[in-house]
> 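Sending over a structure as C-alpha cells; questions will come in a sec.
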Amino acid sequence: MTSAPTPRPGRTASGPRPSRIGEIVFASMCISLGLFAFIGTFGIRVPETNRVGPTVFPMLVAVLLFASGVAVLIAVLMGRLGQQEQSEDVDLHHRTDWLTLAKLVGLVVAHLFLIPIIGWALAAAILFGGAAWTLGAKRWWMALTVGLALCLTLQILFGELLGLSLPLGPALGWIAPLF
C-alpha cells in the first residue's frame with residue numbers, strides 16, 4: 001500500500017500556489033488606472049447648461065475601478081488569494097507565445113498611428129483583420145472583409161448618427177456629405 005506523495009513546500013496538491021505578487025501587481029494597476037481615469041475626468045469639457053454632463057459615466061467607472069483595486073489589494077494582503085485556474089482547455093505548462101503577443105501589441109500601436117492617416121474605420125478594420133490572422137484565422141482576407149464591414153457599420157452608427165468623434169480620414173472623407 002502506497003501513500004499519496006506529499007506536496008513540496010510552496011505547492012498545493014493540485015499544482016503551484018497562486019502568486020501573491022501577480023495579484024498585488026493586478027490590484028495596483030487597477031488602483032492606478034482608477035486614479036488616472038478619475039483625474040482625467042476633470043479635463044473633460046462640460047457645457048454649463050448640462051446638469052448631468054459627460055463626466056458622470058467616466059467618473060463612475062474610475063471610482064469602481066479604484067474601489068475594486070483597493071478591495072483586491074486588501075484581500076490579497078489578508079491572505080485570500082484567487083483560486084488557481086482549473087479548466088480542461090487551459091494548459092498550465094504551456095509557455096506564453098511572445099511572438100503572437102508582440103504582433104497584437106504591434107497591431108494596436110499601428111492602429112493608433114493609422115487613425116489620423118487613413119481614418120478610424122480603415123484602421124480598425126486592419127486591427128480586426130490583423131488580430132484575427134494573428135490568432136489563427138485561415139482566410140485573412142475574410143477576416144479583413146468582415147472587419148471592414150463591421151467597422152464601417154460602427155462608423156456610420158456611432159460617428160455619423162450619434163455624432164461621436166470617429167475621424168473618417170482622407171480615404172473615407174467623401175462619404176461625410178452623404179449623412
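Keep in mind that this is a model prediction, so the values were computed, not measured. Heavy-atom basis, side chains included; hydrogens, waters and symmetry copies ignored.
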> Do Met142 and Trp140 belong to the same hydrophobic cluster, where Ile, Leu, Val, Met, Phe, Trp and Tyr are linked whenever their side-chain heavy atoms lie under 4.5 Å apart, directly or via other members?
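Yes, one cluster joins them.
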> Applying ring-ring contact (aromatic ring centres under 6.0 Å, His included), can you list everything that pairs with Phe36, at least two apart in sequence or on another chain?
none
> Going from CG on Leu33 to OG on Ser28, what distance comes out if it is rounded to the nearest 0.5 angstrom?
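So the CG of Leu33 and the OG of Ser28 are separated by 11.0 Å.
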> I would like to know whether Leu60 and Val56 meet side chain to side chain contact (heavy atoms under 4.5 Å, CB included); could you show each step before the answer?
CA-CA 6 Å; Leu60 177 68; Val56 173; 5.5 Å; no
> Taking atom CD1 of Ile31 and atom CG of Leu35, what is their separation to the nearest 0.5 Å?
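Ile31 atom CD1 to Leu35 atom CG measures 8.0 Å (nearest 0.5 Å).
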> Quick check on the hydrophobic clustering: are Trp133 and Trp141 connected, directly or via other members, by side-chain heavy-atom contacts under 4.5 Å?
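Per the 4.5 Å side-chain linkage, Trp133 and Trp141 are co-clustered.
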> Kindly list each side-chain donor-acceptor pair under 3.5 angstrom involving residues 65-78, sequence neighbours excluded, with atom names and distances?
{"from": "Ser68", "atom 1": "OG", "to": "Leu64", "atom 2": "O", "distance (Å)": "2.8"}

> Excluding sequence neighbours, so at least two apart, what forms side chain to side chain contact (heavy atoms under 4.5 Å, CB included) with Thr100?
Asp97, Leu104, Thr134, Leu135
> Which residues pass the ring-ring contact (aromatic ring centres under 6.0 Å, His included) test with Phe42, sequence neighbours left out?
Phe38
> Check side chain to side chain contact (heavy atoms under 4.5 Å, CB included) between Pro116 and all other residues, then give those that pass, not counting sequence neighbours.
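Side chain to side chain contact (heavy atoms under 4.5 Å, CB included) check on Pro116 returns nothing, list empty.
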> Do the numbers put Lys103 on top of the ring of Trp98, so that NZ or CZ is under 6.0 Å from the six-membered ring centre and no more than 45° off the axis?
no
> Under 3.5 Å, sequence neighbours excluded: what are the donor-acceptor pairs made by side chains of residues 120-128?
none

> Tell me, please, which residues at least two apart from Met29 pass side chain to side chain contact (heavy atoms under 4.5 Å, CB included).
Val25
